[in-house]
Every structure is written in C-alpha cells, then in structure tokens.
Amino acid sequence: MILAHYYQEPDIQDIADVIGDSLALAQAAERTTADVIVFCGVHFMAARRRPSSTPAGRCSCLTSKRCSLSDSCPAPEFERFVQAHPGHAVISYINCSAA
C-alpha cells in the first residue's frame, strides 16, 4: 500500500493508494492488510507505525521529508523538559516523533 501526504509531488500522489494528512494516513495504515506499507511523507509517520501494531511479516517504509513541527521538539530536549516538570501530563499532536 502506498500512502502519500497531501504535500507530496503530484507524480507520487498519482500512484498512491491513499492521499491524506498525517492522521488519515496513519488510520489507513492501521486498516490495511497489505504486506508492505510505503509512507510517502515525513519520517515520523513510519516510526509511529512500527511500534503501534505492525504484525510480524509486515514492513513499513518511507520516503523521508523533514517536518518542521516534529523537528521543533527534539526528543532529548523534550525529555529534559518532562523531567523538569514531574507529575504533568503530556498531550501531543500526531505530528510528533515516536521518540
């Protein structure tokens, strides 16, 4: 299954099975029974897919693009922030890395 984000090049969108935003693509990946999932989007999309529920024998791949939203919150800095504020809940948008 080929999943393409809205901002991908038209040539990639032309061959995609699903075109959408980050959330729509993640939801499509969860529903598919395809043996291979190709994420044509940002790097964190496949990273989030792998730990969630990829059954044995399935593969997540991606064409990597950087995401300014995800890149603005590097995991090491965020970990320091969380440690400095114990007892607080973390709520994040889907445009976050698995880290």
Side-chain angles (χ1 to χ4, degrees):
M1 170 177 258
I2 300 173
L3 306 172
H5 200 282
Y6 285 128
Y7 56 68
Q8 285 295 324
E9 300 293 324
D11 289 343
I12 293 174
Q13 290 184 4
D14 288 345
I15 62 168
D17 297 298
V18 177
I19 301 168
D21 64 8
S22 301
L23 179 58
L25 298 181
Q27 291 169 333
E30 294 298 322
R31 290 188 303 267
T32 188
T33 59
D35 291 327
V36 176
I37 302 167
V38 178
F39 283 90
C40 300
V42 294
H43 59 93
F44 66 80
M45 295 168 117
R48 288 186 68 88
R49 175 69 180 117
R50 273 190 215 103
S52 61
S53 65
T54 302
R58 291 178 68 191
C59 174
S60 295
C61 305
L62 74 152
T63 57
S64 184
K65 281 194 165 207
R66 302 306 304 172
C67 174
S68 61
L69 290 173
S70 178
D71 290 346
S72 69
C73 187
E77 285 183 40
F78 185 66
E79 184 176 353
R80 285 191 295 275
F81 176 84
V82 169
Q83 289 175 356
H85 300 88
H88 287 78
V90 174
I91 301 171
S92 62
Y93 180 65
I94 194 158
N95 284 28
C96 297
S97 74

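Residue indices begin at 1 and follow the sequence shown.
To the nearest 0.5 angstrom, D14 atom CG is 11.0 Å from E9 atom CD. Rounding to the nearest 0.5 angstrom, the gap separating the SG atom in C73 from the CD atom in E79 is 11.5 Å.
For Q13 (side chain) and A4 (main-chain N/O), no donor-acceptor pair under 3.5 Å exists by modelled atom type.
When all heavy atoms are compared, the tightest approach of I2 to C40 is CG2-SG, 3.9 Å. Of all the heavy atoms in I19 and Y6, the pair that sits closest is CG2-CD2, 3.8 Å. What you find for L3 and I37 is that their closest heavy atoms are CD1-CG2, 3.7 Å. Taking all atoms of both residues into account, the shortest heavy-atom contact from M1 to T32 is SD-CB, 3.7 Å.
By the 30° and 60° cut-offs, the orientation of the rings of F78 relative to F81 is parallel.
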